Amino acid sequence: MLKPLAFIGLLLAATAASQAGKQPADHVNPLLGTATLWDSADIGYTPTHRTWGAEVFPGSSLPNAMVQLTPVTTFRSGSGYQYEDTVIHGFAHTSKGHWNLCHIPLLPAAGSILAEDFSSGFSHTNESAHPGYYQVYLDRYHVNAELTSTLRCGFHKYTFQPGAAKKLIAQLSMSNERVRSWDIRQEGDDAFTGFQQTGEKMCFYAKSNHKIKSIDPLGTGRRAVSVVTFEDAAKPLELQIGFSFVSTTNAKANLEKEMLGKSFVQVRKEATQTWNELLSKVKVSGGTERQQGLFYSTLYRSFLWPALRSDANGDFTDQKGHVVNKGFHYYTEPSLWDDYRNKLVLLGMLSPRVTSDVIQSLIDKGEKTGFMPTFFHGDHAAPFISGIYLRGIRGYDIQSAYNLLLRNATVEGGTRPHITEYNDKGYISEPDISNPNVETKAKAGVTKTLEYAYDDYALALLAKALNDTTNHSMLMKRSLNYRNMFDPSTGLMRGRLANGDWITPFDPKFPYYEYMYREANAWQSSFFAPHDVTGLIGLYKSQGEFEKKLDDLFSIPWNGVEAYNFSGFIGQYCHGNQPDHSFPFMYYFVGKQDKSQALLNHIMDNFYDMGTNRLSYAGMDDAGEMSAWYVFNAMGLYTFSPADPDYIVSVPLFDKVEIRLGDKTTCTIVKKGSGLKISNLTYAGRKVDGYFISHHELLRGKKLVISTR
């Protein structure tokens with residue numbers, strides 16, 4: 001019998017011996033973020049159900065790849081993998097970290113198989129993960145499973161016990177989405193093909209190093225599986241599988257282009273090299289081993305979504321279901337409500353060509369529907385595209401993007417619900433609802449108004465850059481609509497009825513999913529005007545009153561309400577969800593930068609390796625947003641207003657940070673001193689006034705020196 005612990009020991013020894021020194025990928029722990037928080041001290045309340053962890057997957061993928069080859073421990077649960085689970089149902093080939101995907105789950109097996117129960121137990125002591133590689137020992141079948149991948153292909157290597165009858169269970173009736181249809185069939189002696197149709201149709205072509213005896217159906221309905229039985233052979237079973245969202249023909253071509261003929265070791269080595277090339281675009285010196293591990297783990301996690309959808313030959317299936325080829329790489333939509341805040345700017349900094357193609361993919365989708373796509377809430381393709389364009393990144397049709405975004409901002413029935421009311425009244429109202437609860441569904445009028453105002457500002461910047469002075473003026477005027485939600489009697493943003501009255505009763509500590517606020521309460525919503533902080537402060541009687549309100553935000557205790565998407569508190573501030581992630585910086589604007597830094601340090605030190613196993617985030621990673629928050633703040637920069645090509649400067653964790661922007665320029669950030677207060681900022685030897693530095697300055701490739709005391 002294979003000794004799994006001995007195998008892992010040899011594997012780790014070989015890996016260590018092959019490294020002349022630690023590379024960035026060696027700092028990465030793909031299991032970070034897979035565990036759930038259970039302790040009320042970590043969560044902020046006593047849970048009666050599983051709280052949301054970071055919801056990330058531990059399996060193999062390349063940056064922004066089509067394939068994410070990863071274990072499934074629980075279907076319909078985030079990424080499909082929960083660290084506290086004890087069984088594996090299969091290895092899926094797509095994952096985002098939300099409640100979708102997990103296409104085409106496959107599981108090696110031996111012996112008799114029951115359709116109603118074929119999952120295998122496993123232990124974390126016999127599990128390992130590395131960028132581009134995942135390994136686990138399946139206790140039930142005594143199989144050591146190893147996985148690696150390319151952009152569009154997965155490589156499975158299964159080491160069975162000697163003499164074991166090798167089988168593969170294809171559970172094509174299951175994914176994290178509703179499966180509409182599926183098919184699998186043998187092709188030749190050693191290959192099989194098929195597809196799984198959910199919202200998307202994912203096709204595959206699999207090549208085996210063993211001959212196939214048969215493919216047999218087992219079970220019915222959601223328990224229907226297909227069992228692939230292989231002829232006996234002494235060597236490990238290896239499957240090389242190409243994927244495509246166009247056709248099995250393209251899946252085969254992708255396999256032939258990227259993987260066929262290569263060994264498992266070679267593919268894994270190339271995957272590691274790809275990750276090291278990306279991660280080494282940021283080099284950090286100093287800090288603790290833990291901080292370096294968190295930094296490179298969060299940097300890694302920031303580059304897994306959006307995901308590639310075009311084939312090696314350029315084909316993709318467009319929004320209308322047509323197969324087209326337009327000369328760019330086609331990607332899924334970003335999680336715009338979450339990651340416009342930081343992650344998409346980080347993508348632009350380090351992978352500008354991918355970012356250009358992501359924008360062109362959005363444009364292609366928008367041209368089919370008449371509106372620029374968004375995700376979940378708001379209209380945040382506007383700050384994403386404006387911010388990238390103003391940073392000088394090109395390679396997409398900016399005029400088409402602008403026209404679509406302008407339609408979003410002015411035409412009812414598209415991306416911005418209630419846009420007519422917003423235009424006419426300057427705010428979005430709520431219905432008068434008696435006794436609303438956490439899950440009340442309504443218009444989320446406060447959040448929409450605040451976000452539309454910022455989106456208007458972002459689009460106004462683009463209008464100015466494109467010399468559209470008329471719409472620039474209109475949009476800049478509308479960008480002040482956030483003020484219409486400010487209630488002077490409470491000093492907070494508050495919902496209004498259609499007649500303009502404030503909603504009563506009003507409890508600013510009570511959270512809602514979609515009533516007045518979107519996944520937030522009044523405290524977590526009231527300081528969002530990143531484009532007009534001076535104007536926001538002006539709504540208060542004095543800077544002192546505003547500072548006191550900030551003090552209350554970070555000190556008034558959470559009221560114990562249990563709600564999904566709310567965990568990890570500093571007072572009312574919730575780091576486990578996105579809406580208030582820029583709020584720790586607000587002290588900068590009242591001359592108290594060191595108070596902000598104390599909060600930033602506390603968050604970085606306490607909210608990214610939480611829980612019993614030190615593998616939990618404070619909340620959902622949301623396609624990399626939570627991770628990118630850490631990356632930026634650890635470097636000493638943050639995208640306070642992502643539509644603007646500027647960064648607010650803070651005290652980095654590291655003594656020295658070198659950032660390679662794009663493919664050529666390297667800028668350097670140096671920290672002097674160990675205090676919280678920034679006493680001096682210089683760039684290229686010249687003093688920086690204030691705390692902001694522009695992207696274009698960083699592109700000069702000079703040294704930013706942050707002196708502290």
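Note that the structure is a prediction, hence the values are computed from the model and not measured.
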Engineer: Determine yes or no for a side-chain-to-main-chain donor-acceptor pair under 3.5 angstrom, with Glu55 supplying the side chain and Thr36 the backbone.
Structural biologist: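 A pair under 3.5 Å: no.
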
Engineer: Looking at Tyr427, is Arg483 sitting on its ring face, NZ or CZ under 6.0 Å from the six-membered ring centre and within 45 degrees of the normal?
Structural biologist: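 Geometry flag: not set, cation outside 6.0 Å or 45°.
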
Engineer: Just so I know, are the side chains of Trp305 and His98 near enough to count as touching, which here means a heavy-atom distance under 4.5 Å?
Structural biologist: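 Trp305 does not reach His98 side chain to side chain.
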
Engineer: With a 4.0 Å cut-off on N to O distance, would you call Lys443 and Glu421 a salt bridge?
Structural biologist: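 Glu421 and Lys443: salt-bridged.
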
Engineer: Atom CD of residue position Glu289 - does it have more than 12 heavy atoms of other residues, nucleotides or ligands inside 6.0 Å?
Structural biologist: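 No, not enclosed.
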
Engineer: Below 4.5 Å, heavy atoms only, C-beta onward: do Pro579 and Thr447 meet side chain to side chain?
Structural biologist: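 SC-SC contact between Pro579 and Thr447 ruled out.
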
Engineer: If I take atom CG from residue Leu106 and atom NE2 from residue His89, how far apart are they, to the nearest 0.5 angstrom?
Structural biologist: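 Between Leu106 CG and His89 NE2, I get 15.0 Å after rounding to 0.5 Å.
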
Engineer: Side chains of Glu514 and His377: is there a donor and an acceptor less than 3.5 Å apart?
Structural biologist: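 His377 and Glu514 do not have a side-chain donor-acceptor pair below 3.5 Å.
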
Engineer: Going by an N to O cut-off under 4.0 Å, is there a salt bridge joining Glu333 and Lys96?
Structural biologist: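 No, Glu333 and Lys96 are not salt-bridged.
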
Engineer: Taking the inter-plane angle between the rings of Tyr608 and Trp629 on a 0 to 90° scale, is it parallel (under 30°), tilted (30 to 60°) or perpendicular (over 60°)?
Structural biologist: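 The arrangement is parallel - the two ring planes meet at less than 30°.
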
Engineer: Tell me whether the rings of Tyr81 and Tyr134 are parallel (<30°), tilted (30 to 60°) or perpendicular (>60°).
Structural biologist: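 Ring orientation, 0 to 90° scale: perpendicular.
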
Engineer: Measuring from atom CG of Leu450 to atom CZ of Phe528, what distance do you get when rounded to the nearest 0.5 angstrom?
Structural biologist: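 Reported value, rounded in 0.5 Å steps: 7.5 Å.
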
Engineer: Pro105 and Phe75: which non-hydrogen atoms are nearest, and at how many Å?
Structural biologist: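 Taking Pro105 first and Phe75 second, the nearest heavy atoms are CG-CZ, 3.9 Å.
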
Engineer: Would Met620 and Glu625 count as a side-chain contact (heavy atoms from CB on, under 4.5 Å) if you check the C-alpha gap in whole Å, the side-chain angles of each, and the deciding distance to 0.1 Å?
Structural biologist: CA-CA 9 Å; Met620 283 187 68; Glu625 189 279 344; over 6 Å; no

Engineer: Is Glu177 reaching over with its side chain to a backbone N or O of His103, donor-acceptor style, under 3.5 angstrom?
Structural biologist: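 Checking the backbone N and O of His103 against the side chain of Glu177, no donor-acceptor pair under 3.5 Å is found.
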
Engineer: Judged by atom type as modelled, is there a donor-acceptor pair below 3.5 Å linking the side chain of Asp85 to the main-chain atoms of Val87?
Structural biologist: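 Such a contact is absent between Asp85 side chain and Val87 backbone.
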
Engineer: Taking atom CD of Glu451 and atom CD1 of Ile428, what is their separation to the nearest 0.5 Å?
Structural biologist: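 Taking CD in Glu451 and CD1 in Ile428, the distance rounds to 10.0 Å.
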
Engineer: Rounded to the nearest 0.5 Å, how far does CG of Leu294 lie from CG of Asp609?
Structural biologist: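 Going from the CG atom of Asp609 to the CG atom of Leu294 covers 4.5 Å.
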
Engineer: Rounded to the nearest 0.5 Å, what separates atom OH in Tyr141 from atom CZ in Phe122?
Structural biologist: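 If we round to the nearest 0.5 Å, Tyr141:OH and Phe122:CZ are 14.5 Å apart.
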
Engineer: Kindly give the heavy-atom pair with the smallest separation between Val345 and Phe632, and that separation in Å.
Structural biologist: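 Result for this residue pair: CG1-CZ, 4.2 Å.
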
Engineer: Is there a side-chain contact (heavy atoms from CB on, under 4.5 Å) between Asp338 and Phe375 once you walk through the steps?
Structural biologist: CA-CA 8 Å; Asp338 311 302; Phe375 175 81; 3.5 Å; yes

Engineer: Taking side-chain hydrogen bond (donor to acceptor under 3.5 Å, both in side chains) as the definition, give me every residue that meets it alongside Asn29, ordered by chain and number, with sequence neighbours left out.
Structural biologist: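 Asn29 satisfies side-chain hydrogen bond (donor to acceptor under 3.5 Å, both in side chains) with no residue once adjacent residues are dropped.
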
Engineer: For Gly445, is there any backbone N or O sitting under 3.5 Å from a side-chain donor or acceptor partner on Arg496?
Structural biologist: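 Between the backbone of Gly445 and the side chain of Arg496 there is no qualifying donor-acceptor contact (under 3.5 Å).
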
Engineer: With heavy-atom distances below 4.5 Å as the criterion, would you say the side chains of Tyr513 and Val438 are in contact?
Structural biologist: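 Side-chain contact under 4.5 Å: yes.
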
Engineer: Looking only at heavy atoms, what is the nearest atom pair of Ala522 and Tyr517, with distance?
Structural biologist: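 Minimum heavy-atom separation between Ala522 and Tyr517: CB-OH, 3.3 Å.
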
Engineer: Decide, yes or no, whether a salt bridge links Lys343 with Asp621 under the criterion of side-chain N to carboxylate O below 4.0 Å.
Structural biologist: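 Judged by the 4.0 Å cut-off on N to carboxylate O distance, Lys343 and Asp621 do not form a salt bridge.
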
Engineer: If you measure only the distance, is there a donor-acceptor pair under 3.5 Å linking the side chains of Gln135 and Ser128?
Structural biologist: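 Yes, Ser128 and Gln135 have a side-chain donor paired with an acceptor closer than 3.5 Å.
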
Engineer: Identify which one of Phe527, Phe640, Phe583, Phe546 satisfies the ring pair (Phe, Tyr, Trp, His ring centres under 6.0 Å) criterion when paired with Phe589.
Structural biologist: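 Among Phe527, Phe640, Phe583, Phe546, the one that satisfies the ring pair (Phe, Tyr, Trp, His ring centres under 6.0 Å) with Phe589 is Phe640.
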
Engineer: Donor-acceptor pair, Thr94 side chain versus Cys102 backbone, under 3.5 Å?
Structural biologist: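 Judged by distance alone, yes, a pair lies under 3.5 Å.
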
Engineer: Hydrogens and angles aside, do Thr51 and Tyr45 bring a side-chain donor and acceptor to less than 3.5 Å of each other?
Structural biologist: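 Thr51 vs Tyr45: no donor-acceptor pair found between side chains.
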
Engineer: Once salt bridge (Lys or Arg N to Asp or Glu O under 4.0 Å) is applied, what residue pairs with a partner in residues 585-608 remain, sequence neighbours excluded?
Structural biologist: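 Only Arg290-Asp605, Glu547-Lys592, Glu547-Lys595, Asp551-Lys595 qualify under salt bridge (Lys or Arg N to Asp or Glu O under 4.0 Å).
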
Engineer: When rounded to the nearest 0.5 angstrom, what distance separates CG in Asn342 from OG in Ser302?
Structural biologist: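 So the CG of Asn342 and the OG of Ser302 are separated by 7.5 Å.
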
Engineer: Working note: Lys671 + Val657, criterion side-chain contact (heavy atoms from CB on, under 4.5 Å); need CA distance, chi angles, decisive distance, verdict.
Structural biologist: CA-CA 9 Å; Lys671 178 177 69 173; Val657 181; over 6 Å; no

Engineer: For Tyr482, give me all partners under ring-ring contact (aromatic ring centres under 6.0 Å, His included), at least two apart in sequence or on another chain.
Structural biologist: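 With neighbours one apart ignored, the set is His531.
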
Engineer: Taking the side chain as C-beta and beyond, is there a heavy-atom pair between Gln68 and His93 under 4.5 Å?
Structural biologist: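 SC-SC contact between Gln68 and His93 ruled out.
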
Engineer: Before you tell me yes or no, could you show the steps for Glu562 and Thr48 under side-chain hydrogen bond (donor to acceptor under 3.5 Å, both in side chains), namely the whole-Å CA-CA distance, both residues' side-chain angles and the distance that decides it to 0.1 Å?
Structural biologist: CA-CA 8 Å; Glu562 180 182 24; Thr48 60; 2.7 Å; yes

Engineer: More than 12 foreign heavy atoms under 6.0 Å from CZ of Arg223: is that the case here?
Structural biologist: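 At most 12 heavy atoms, drawn from other residues, nucleotides or ligands, come within 6.0 Å of this atom.
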
Engineer: When you check the side-chain N and O atoms of Thr125 and Tyr137, is any donor under 3.5 Å from an acceptor?
Structural biologist: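 Judged by distance alone, the side chains do not pair up.
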
Engineer: Kindly indicate whether the side chain of Thr415, heavy atoms from C-beta on, has any atom under 4.5 Å from the side chain of Pro373.
Structural biologist: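 Not in contact.
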
Engineer: Would you call the rings of Tyr691 and Tyr588 parallel, tilted or perpendicular, taking 30° and 60° as the class edges?
Structural biologist: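 Rings of Tyr691 and Tyr588: perpendicular, as their planes differ by over 60°.
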
Engineer: When the ring planes of Tyr638 and Phe585 are compared, do they come out parallel, tilted or perpendicular, using 30° and 60° as the limits?
Structural biologist: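 Parallel.
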
